[in-house]
Amino acid sequence: MKSVHNIYFLLLLLIVTISCKNNEELKKETPLFDRERSHKKDFLTIDTHRLDELTDDQFLERIQFDYTKNCLTNKDSIAIVENDGYRINLFSVAIKNGWISRERGAKEVLQYLKVYQNAKTAQGIFPRSFHRITGEKIKGKTYGNFGQPYDVVGTAFFATSIQFTVRQFFDKDNPIENEIRELCNSICDRINWNFAYNTDRKCFTWFKNGEDGKQFDGKDLVGEMDETFFLQLLVLGSKNWNYGTEAYKNYVSKIFVDEQYGYRYFSTKQYDYKNSKQFTGITVNNPEILKLDNYPTAKLGYLVQSHIWFDLKGYGDSIGNINNMDYFEGTQKAIKAQIRYAQINPGKNKLYGDVWGFYDTYSPISKKWMVTGLPAEGDFDEGTISISAVMSAIPFAPKESIKCLRILYNEFKNEGIYNEKGFVMSVNTNTRELAKKPDTFFQPINVLSIENYRSNMLWELAKKAPEYKASFKAAGLKPIK
């Protein structure tokens with residue numbers, strides 16, 4: 001009996017030792033953003049009231065750092081595919097800039113990928129939101145009138161990110177990074193884009209619905225230059241796609257071309273898009289105001305997103321050739337139209353001119369969501385600037401965007417326009433009121449846009465992927481001479 005007790009004692013001692021060792025290792029692991037790394041770049045830690053002392057590049061990196069830290073240290077309790085689709089890119093940016101270690105970043109990315117590998121999908125299309133552990137849809141969690149849809153666009157966000165950024169960045173030959181690449185391929189390869197495609201209408205829709213996801217639901221994705229343009233490019237190089245260039249040609253052949261102040265650009269034609277209560281909860285009293293020549297109808301937030309992964313500057317297809325501009329140039333012209341509107345300033349709003357930036361955002365005056373930067377129930381321009389709109393324009397108009405951001409910072413820093421989470425969502429230049437809630441959806445998009453301006457990082461990573469070249473070739477995107 002004594003020997004048996006000794007064996008039990010030794011086993012217990014072994015278990016306790018292993019447990020203590022594991023706990024010790026957990027304690028040793030540094031926080032994702034440890035103070036020691038931040039202090040290597042002192043401008044990442046100086047008081048938010050002193051950012052006017054920084055160079056332009058330091059100022060931009062500080063914005064990226066604060067946004068990234070806010071997004072990655074405040075992980076959603078449930079998996080929301082459109083959010084994770086952008087945020088998973090941030091680890092690569094953080095490692096590249098020395099904010100976090102490669103080893104720690106790789107571990108975090110692997111955890112994200114395991115969650116998505118475990119998700120219960122409809123032929124690879126992810127639910128809009130699901131439980132991070134079980135992979136099941138969240139009971140009672142609905143999205144407006146759509147219930148609990150499978151998110152085609154959100155799935156494309158995630159697939160594009162892991163295929164063109166994550167898989168390319170984590171290229172080392174070690175167990176963690178090897179598994180990262182394997183999971184990236186596995187998740188992308190199981191997505192059946194044919195299932196997401198409406199062959200009758202020759203387009204994708206935003207959602208698939210129903211228990212088995214067979215119902216097409218939401219907006220038809222065709223004829224507008226918005227954040228879904230990259231989806232058309234993505235499928236051209238994807239494994240499970242049987243319809244060649246049919247969807248792409250249908251999409252681009254119907255793209256709306258707008259013109260303001262002599263600037264022609266690819267745009268969105270549904271000026272009152274997102275006007276329904278399920279999205280905004282507001283009613284636009286005078287939707288005709290959106291069609292006036294002197295109102296900025298270009299939606300910068302929509303126009304810029306496809307350019308995060310695809311470097312379209314100087315590349316044109318048949319539609320670009322017909323309109324004598326490439327897709328990058330089209331976005332530049334849309335930005336110029338916004339700036340010109342601000343210079344004309346028909347509403348006599350304070351600071352307009354060098355200050356501009358109009359997009360869906362939260363109004364600090366009406367305390368409601370503004371559609372396309374359309375304020376106060378849609379009747380007049382109240383003077384609210386979307387800070388995300390300004391930042392998203394940095395790769396296309398860096399001089400004007402950075403100047404605008406610095407003016408806004410210097411003018412409103414005492415009101416708290418910049419805090420430990422970065423810039424607030426919006427500011428009214430007349431009343432000096434702020435929408436203090438951060439724009440957490442657009443924060444990662446802005447980090448990535450700034451990084452492409454600073455280093456071309458995401459563009460250069462994407463170009464290494466064979467799917468990137470296949471997409472360009474199929475789309476007929478060629479250098480413009």
Side-chain angles (χ1 to χ4, degrees), residues 18 21-22 24-26 28-34 37 68 71-73 75 79 81 83-121 123-126 130 132-135 154-193 234-235 237-241 308-310 444 447-448 451 455-471:
I18 292 171
K21 186 178 180 182
N22 287 340
E24 206 172 297
E25 286 177 356
L26 286 173
K28 283 181 181 178
E29 188 170 54
T30 57
L32 188 58
F33 292 85
D34 60 283
R37 282 183 171 273
T68 299
C71 289
L72 296 186
T73 56
K75 194 174 185 178
V81 63
N83 289 352
D84 287 346
Y86 278 113
R87 293 183 186 189
I88 197 168
N89 295 278
L90 299 182
F91 293 100
S92 301
V93 175
I95 293 167
K96 179 257 178 190
N97 283 292
W99 310 331
I100 63 176
S101 71
R102 187 179 183 99
E103 181 183 8
R104 183 65 196 283
K107 287 180 181 178
E108 293 285 337
V109 166
L110 186 57
Q111 285 305 114
Y112 269 86
L113 293 173
K114 286 180 176 178
V115 165
Y116 278 80
Q117 179 74 354
N118 187 46
K120 306 302 187 292
T121 69
Q123 299 199 35
I125 307 298
F126 294 108
F130 58 92
R132 288 195 183 276
I133 296 175
T134 67
T155 298
F157 285 157
F158 197 85
T160 309
S161 296
I162 64 175
Q163 181 171 274
F164 291 143
T165 304
V166 175
R167 189 187 65 186
Q168 307 308 315
F169 182 85
F170 292 100
D171 59 355
K172 305 300 181 189
D173 185 12
N174 61 56
I176 290 179
E177 298 197 24
N178 289 340
E179 189 174 1
I180 283 174
R181 294 193 299 277
E182 289 171 7
L183 285 176
C184 286
N185 287 330
S186 174
I187 291 168
C188 289
D189 288 349
R190 76 181 182 189
I191 299 171
N192 184 2
W193 292 112
L234 172 67
V235 299
S238 296
K239 185 176 181 179
N240 299 317
W241 177 243
I308 289 173
W309 303 278
F310 294 100
V447 170
L448 303 177
E451 191 58 44
S455 71
N456 296 333
M457 177 183 173
L458 283 93
W459 292 330
E460 294 306 317
L461 286 172
K463 289 173 185 176
K464 295 178 181 179
E467 297 89 347
Y468 184 95
K469 296 170 186 175
S471 294

**With sequence neighbours excluded, residues passing side chain to side chain contact (heavy atoms under 4.5 Å, CB included) with Ala79** =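 Side chain to side chain contact (heavy atoms under 4.5 Å, CB included) list for Ala79, sorted by chain: Asp84, Val115, Tyr116, Phe130, Arg132.
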Kindly compute the distance separating [atom1] ([X]) from [atom2] ([Y]), expressed to the nearest 0.5 Å.
X: Leu458; Y: Lys96; atom1: CG; atom2: NZ; answer: 10.0 Å
X: Leu113; Y: Ile187; atom1: CG; atom2: CD1; answer: 5.0 Å
X: Asp171; Y: Arg181; atom1: CG; atom2: CZ; answer: 6.5 Å
X: Ile191; Y: Ile125; atom1: CD1; atom2: CD1; answer: 6.0 Å
X: Gln163; Y: Thr160; atom1: CD; atom2: OG1; answer: 7.0 Å
X: Thr165; Y: Leu448; atom1: OG1; atom2: CG; answer: 7.5 Å

Please report the closest heavy-atom contact between [X] and [Y], naming both atoms and the distance.
X: Leu32; Y: Leu72; value: CD2-CB, 3.9 Å
X: Glu108; Y: Phe91; value: CB-CE2, 3.4 Å
X: Gly85; Y: Asn89; value: O-ND2, 3.2 Å
X: Arg167; Y: Glu467; value: NH2-OE1, 2.7 Å
X: Phe170; Y: Arg102; value: CA-NH2, 3.6 Å
X: Arg87; Y: Cys71; value: NH1-O, 3.6 Å

**Asked** Quick one: are Tyr112 and Ile162 in side-chain contact, heavy atoms under 4.5 Å?
**Response**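 The answer is no, as the side chains (C-beta and beyond) never meet within the 4.5 Å cut-off.
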**Message:** Could you check whether any side-chain heavy atom of Phe157 comes within less than 4.5 Å of a side-chain heavy atom of Asn83, counting everything from C-beta outward?
**Reply:** no
Whether [X] side chain and [Y] backbone form a donor-acceptor pair below 3.5 Å:
X: Arg190; Y: Gln117; answer: yes
X: Asn174; Y: Glu177; answer: yes
X: Lys114; Y: Leu183; answer: no
X: Asn192; Y: Gly124; answer: no
X: Ser238; Y: Leu234; answer: yes
X: Glu451; Y: Asn456; answer: no

**Prompt:** For residues Asp189 and Asn240, is any side-chain donor paired with an opposing acceptor at under 3.5 Å?
**Reply:** no
**Request:** Look at Glu460 together with Lys464 and state whether they make a salt bridge at an N to O cut-off of under 4.0 Å.
**Result:**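 Lys464 and Glu460: not salt-bridged.
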**Asked** Just wondering, are more than 12 heavy atoms of other shown residues or ligands nearer than 6.0 Å to NZ in Lys239?
**Response** no
**Asked** In a check of ring pair (Phe, Tyr, Trp, His ring centres under 6.0 Å) between Trp309 and each of Tyr468, Phe164, Tyr86, Trp459, which one passes?
**Response**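 So, applying the ring pair (Phe, Tyr, Trp, His ring centres under 6.0 Å) to Trp309 and each of Tyr468, Phe164, Tyr86, Trp459, only Tyr86 qualifies.
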